[in-house]
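Residue numbers count from 1 along this sequence.
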Amino acid sequence: MKSIPDNINHLWTALIMEELYRLGVKTVCISPGSRSTPLTWAAAEHPELETIVHIDERGLGFHALGIAKTTECPVAIICTSGSAVANLLPAVVEASMSRVPLILLTADRPPELIDCGANQAIKQPGIFGEYVRWEKNLSCPTTDEPLEELLLTVGKAILEASNMNPGPVHINCPFREPLTPENDGIDIAAYTVAVDEWLNGTAPYLEADISYSNVSSDREALTKSFDAARGLLIVGQLQTAQEWIHAEALAAQLNWPMIADIATPFRLSGIPEHLVAYADQLLLTRHRALLEEAECILHVGGALVSKRMQAFIEGQAPKPYVRITPGRLLMDPGHCSTTHIFMQTLDFLDMDSIESSIDAEWRDAILAASETIGCFLAGQFCGMTLSEPEVIRTITQTEASDVFFGNSMPIRDADMFGAPDGCVMKVHANRGASGIDGNIATVAGIAHANGSVTAVIGDLAALHDLNSLALLKANKVVLVIINNAGGGIFSF
């Protein structure tokens, strides 16, 4: 570290920021407040950390979520005490459900101001319930607490946020006054002796290996499914580039008909060539019988947008349904998986050694049926008056950029009507809890990390996040708001 503050509050927060930076955090999102002054000051003073300020904690949480999802790196969030902390809950829930690492640094009143009617003082420890992977309530900064323990706490937070089941973690930080970095008379030099080596270096205090090993029995259980001549590969939502690469390699090796969720890189790219682009519509036609001839279903990745496809899967029981989910999350709402394998990615598979069976005639019949539906839809869209599906179709055909689809109708329209031969580079969505809050803030976070994004959201989603329009000033975003008088999803 370049300089050591002569105030214990600011020493602690400076060490927190430095260790976060050494462990991979590059961005800190801040909502202004008084009690959080030591944290805010330390983030602003750090020469390498990027700081982003937003007035609304709820929007700030989703903004950090968008950045973390896009960069695949943990993002820190600073907020002041009281109800400000509670406003982070929607973003924390989404981050937890969609496995996104966030480091929540919430300022708090000291213990003597809790349960006595003090202003902006609530019980903050445990406020996020089971939606954080780990939490720690720090003591107020004091020389009675060794700095080694503080640094280990930060390292533990990063480890828990980034392990096999990534997600948000919470460090609650009470501070006594003075909150500004004035000299408080404490002998800082004597206090920091134990961590002098760390202070003079650049390595993190806690260097942890968060790589993953895979159980050999997982490989055996998975490869048994490759014997099916009529196997159906379903790819749900994927979070990381590594997951996309391995899913594409698996699809290429199996050569089975593949159904890809809209929240994957495959549905709008037409890759691989055996992609069944219009599977949702196919289930509405006589060609559904072709899919029902599947002998085995292999489902990789997260949940599906299509309720119709989920119902189809559940209706195929007791056929083998092999479910591969990331982390340790049980993703089987129909409770029909015959084999459930937990893993981070498919990288433990030797793709070159996979020998699958394939009924090529059956596969080609499914692909031909999907193509027939695609041709029919193209004819219907030709000359159509502007409609919600037409908006989605046009954007997927013309936008050579990343796209964000809001929940309720936009993402469902994209799943059903998106062009599989368009220009979309990557699809983003908040499909953890699938709420409509924080959409604009998330989009701004994606654009901040990625350069630009086109977003399609509904009118209610826009109204829920009006404060986050301020975040668009600094980011390149095309925001399309569909005005269907609210609640269009219920008009079916």
Side-chain angles (χ1 to χ4, degrees), residues 222 225-238 247 250-251 254-264 266-268 270 272 274-325 329-341 356-374 376-377 389 405 407-409 411-418 420 427 429 431 434 489 492:
L222 182 57
S225 66
F226 300 154
D227 295 333
R230 294 187 174 183
L232 187 62
L233 174 63
I234 296 179
V235 180
Q237 183 176 8
L238 302 173
L250 177 62
L254 291 175
N255 212 19
W256 290 352
M258 171 177 154
I259 296 171
D261 186 74
I262 187 64
T264 70
F266 310 118
R267 167 62 182 82
L268 298 180
H274 43 280
L275 173 75
V276 185
Y278 296 105
D280 200 273
Q281 286 94 333
L282 196 149
L283 289 173
L284 294 170
T285 73
R286 60 184 175 83
H287 300 296
R288 176 191 180 98
L290 287 169
L291 291 180
E292 291 175 340
E293 293 174 7
E295 299 167 347
C296 171
I297 297 175
L298 174 60
H299 184 167
V300 177
L304 304 173
V305 167
S306 172
K307 291 177 67 175
R308 191 174 291 114
M309 182 54 62
Q310 180 61 41
F312 165 77
I313 292 171
E314 294 169 11
Q316 296 309 294
K319 293 178 183 177
Y321 174 44
V322 181
R323 187 73 176 88
I324 301 176
T325 55
L329 298 179
L330 182 65
M331 294 184 181
D332 184 17
H335 309 289
C336 56
S337 59
T338 54
T339 303
H340 207 121
I341 301 172
S356 64
S357 303
I358 180 64
D359 183 337
E361 185 177 348
W362 172 74
R363 178 199 61 203
D364 293 345
I366 293 174
L367 295 174
S370 177
E371 187 175 351
T372 298
I373 293 171
F376 172 80
L377 287 177
F405 293 119
N407 287 315
S408 293
M409 287 309 302
I411 196 161
R412 286 177 169 84
D413 286 336
D415 195 42
M416 291 188 70
F417 303 115
V427 172
R431 294 299 296 176
S434 299
I489 190 172
F492 287 138

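Inter-residue side-chain proximity for Q316 and E292 is flagged as met; some heavy-atom pair is nearer than 4.5 Å. Looking only at side-chain heavy atoms (C-beta outward), T285 and T372 stay at 4.5 Å or farther from each other. The shortest side-chain heavy-atom distance between D261 and R267 does not fall under the 4.5 Å cut-off. A heavy-atom distance below 4.5 Å is found between the side chains of W256 and I358. With a 4.5 Å cut-off on side-chain heavy atoms, R431 and V305 count as touching. In this structure, the side chains of I234 and F312 stay at 4.5 Å or more apart for every pair of heavy atoms. Looking at heavy atoms from C-beta onward, D415 lies out of side-chain contact with M309 at the 4.5 angstrom threshold. At least one side-chain heavy atom of I313 sits less than 4.5 Å from a side-chain heavy atom of L304.
The OH atom of Y278 lies 10.0 Å from the CD atom of E371; values are rounded to the nearest 0.5 Å. For the atom pair OG of S434 and CD1 of I411, the computed distance is 7.5 Å after rounding to the nearest 0.5 Å. The CG atom of D413 sits 10.5 Å away from atom OG of S408, with the distance rounded to the nearest 0.5 Å. Going from atom CD of E361 over to atom CD1 of I366 covers 11.5 Å, rounded to the nearest 0.5 Å. The distance from the NE2 atom of H340 to the CZ atom of R323 is 5.5 Å, given to the nearest 0.5 Å. Rounding to the nearest 0.5 Å places CG of D364 at 11.0 Å from CG of L290.
When every heavy atom of H287 is checked against every heavy atom of A369, the shortest pair comes out as CG-CB, 3.5 Å. Contact detail for L275 and A260: the closest heavy-atom pair is CD1-CB, 3.7 Å. Residues W362 and P257 approach most closely at CZ3-CG, 3.6 Å, considering heavy atoms. Across L282 and S370, no two heavy atoms sit closer than the pair CD1-N, 4.0 Å. The two residues V235 and A247 have their closest heavy-atom pair at CG1-CB, 4.4 Å.
Under the side-chain contact (heavy atoms from CB on, under 4.5 Å) criterion, A251 pairs with L233, M258, P272, H274, not counting sequence neighbours. Q281 pairs by the side-chain hydrogen bond (donor to acceptor under 3.5 Å, both in side chains) definition with nothing, not counting sequence neighbours.
At distances below 3.5 Å, at least one donor-acceptor pair connects side-chain atoms of T338 with backbone N or O atoms of Y321. Put simply, the side chain of K319 never gets that close to the backbone of I297: no donor and acceptor are under 3.5 Å apart. Side chain of D359 to backbone of R363: no donor-acceptor contact under 3.5 angstrom is found.
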Next item on the list: Evaluate the criterion side-chain contact (heavy atoms from CB on, under 4.5 Å) for residue pair V427 and T264; output intermediate values, then yes/no.
Entry: CA-CA 7 Å; V427 172; T264 70; over 6 Å; no

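Applying the salt bridge (Lys or Arg N to Asp or Glu O under 4.0 Å) test to pairs two or more places apart or on separate chains, those with a residue in residues 299-317 are D280-R308.
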